[in-house]
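Counting convention: from 1, in listed order, for ligands and their atoms alike.
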Amino acid sequence: MLVRRDKTKLFPGSRIAIAILVGILLGCICTILFPNGFFSSRSSSVHERLSKSTSKVGSVSCESPERITMLKTDFALISEKNAELRKQVRELTEKVRLAEQGSENARKQVLVLGSEIKAGPFGTVKSLRTNPTVVPDESVNPRLAKLLEKVAINKEVIVVLANSNVKQMLELQIASVKRVGVQNYLVVALDDSIENFCKSNEVAYYKRDPDKAVDTVGENGDNHAVSGLKFRVLREFLQLGYGVLLSDVDILFFQNPFSHLYRDSDVESMSDGHDNETAYGFNDVFDEPSMGWARYAHTMRIWVFNSGFFYLRPTLPSIDLLDRVADTLSKSEAWDQAVFNEQLFFPSHPGYTGLHASKRVMDMYEFMNSKTLFKTVRKNQELKKLKPVIIHLNYHPDKLERMQAVVEFYVNGKQDALDSFPDGSE
Ligand SMILES: *[C@@H]1O[C@H](CO)[C@@H](O)[C@H](O)[C@H]1NC(C)=O
């Protein structure tokens with residue numbers, strides 16, 4: 001009995017799913033009982049009016065203008081109601097999907113963390129990739145905790161670090177975020193200029209305590225210095241129990257990214273790869289003819305995870321990752337993206353204990369880098385029609401111009417907006 005009670009506690013998502021399913025079932029029953037809907041008096045009157053007017057077509061040459069206006073109003077009302085219902089269905093579907101995702105992840109955690117340690121039959125064994133989340137600790141930063149209560153949705157938030165060097169790109173990003181209607185978006189303002197900018201644009205922002213030494217990096221730092229800082233800043237968000245979607249400023253949003261996450265891994269990241277192999281991994285055979293019979297050596301390759309756009313679940317491996325990267329960067333001049341990937345992928349070996357974080361690569365066309373866009377997508381009639389979730393102008397130094405062109409292409413429908421740019425930089 002005890003075991004069973006514990007399990008139901010671990011399945012909060014499934015109760016929500018059941019509640020929503022019951023709602024949908026009731027909806028279906030209502031549809032069967034009242035096929036014309038609860039507002040049938042209104043719609044039947046339209047039917048009558050419509051049939052009356054059509055029956056008159058033969059005898060009367062034209063309708064009175066009032067009647068036509070009335071019919072038009074009725075039609076507009078019904079279309080509006082229809083659109084509203086469709087929107088509700090979409091929202092419900094999304095909620096059901098999220099709840100199912102949550103309960104499925106919880107089920108896997110129970111399977112692995114519970115007492116069921118005997119392996120099941122062939123084909124039924126699934127190892128753990130969805131690690132349990134940490135217990136939120138508000139004491140690490142009560143001010144941030146309060147802010148996140150307001151800004152986060154479902155304990156998730158987009159976090160962007162910015163100083164005034166990148167203000168124009170931030171402006172384009174914020175416009176894209178507002179267009180999509182994403183609410184849980186937070187700017188970590190690294191100087192007063194960005195703070196004021198956020199205030200006047202009504203964007204949620206967070207300013208770190210001035211006594212924290214690392215902040216001088218943020219105020220004066222170039223892109224790479226800020227990149228190192230983000231690993232320290234994110235730690236507190238995770239400790240407070242929030243899932244964080246870190247975004248650089250040279251990124252535009254075209255759909256809500258939270259509807260496109262899997263949430264089954266510690267780290268879910270966009271890729272620097274640009275096709276199936278480079279983005280998702282491949283077996284790269286190295287040829288050394290002098291070895292004769294053993295001339296072919298197989299190597300595992302994947303293009304790096306992009307450390308400018310990744311989602312972290314608030315788990316111990318995620319926090320471990322941030323600490324390892326911040327620690328390495330504090331001791332060397334290394335590139336943060338290289339360190340991020342080395343920590344994620346190098347296995348334990350003599351003298352070194354590797355990080356054991358679970359990883360997922362985001363869909364390369366949904367979370368698209370600018371190499372994929374300019375090298376492939378813009379030249380392919382099918383791929384050109386896809387609507388990405390985000391585009392990251394990571395591969396190009398003329399970021400601002402290309403960001404503007406990407407907005408022209410994906411938002412304003414200007415089909416040739418991307419044509420004038422070369423594939424790479426010149
Ligand atoms: C890439 O992988 C997807 C999914 O497996 C497949 O549908 C697609 O055809 C592949 N593309 C190429 C160019 O091989």
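Cation-pi geometry between K371 and Y395 is met: the NZ or CZ atom falls under 6.0 Å from the ring centre, inside 45° of the normal.
Proximity to N276 (heavy-atom distance under 4.0 Å) selects the following atoms of ligand 1: 1 (C), 2 (O), 3 (C), 8 (C), 10 (C), 11 (N), 12 (C), 14 (O).
No side-chain N or O of S425 forms a donor-acceptor pair with one of H396 less than 3.5 Å apart.
A distance of 6.0 Å or more separates the ring centres of F346 and Y352.
Less than 4.0 angstrom separates atom 13 (C) of ligand 1 from none of the non-hydrogen atoms of the protein. Distance remark: protein heavy atom present below 4.0 angstrom from atom 2 (O) of ligand 1.
R129 and D264 are not joined by a salt bridge, as no carboxylate oxygen comes within less than 4.0 angstrom of a charged side-chain nitrogen.
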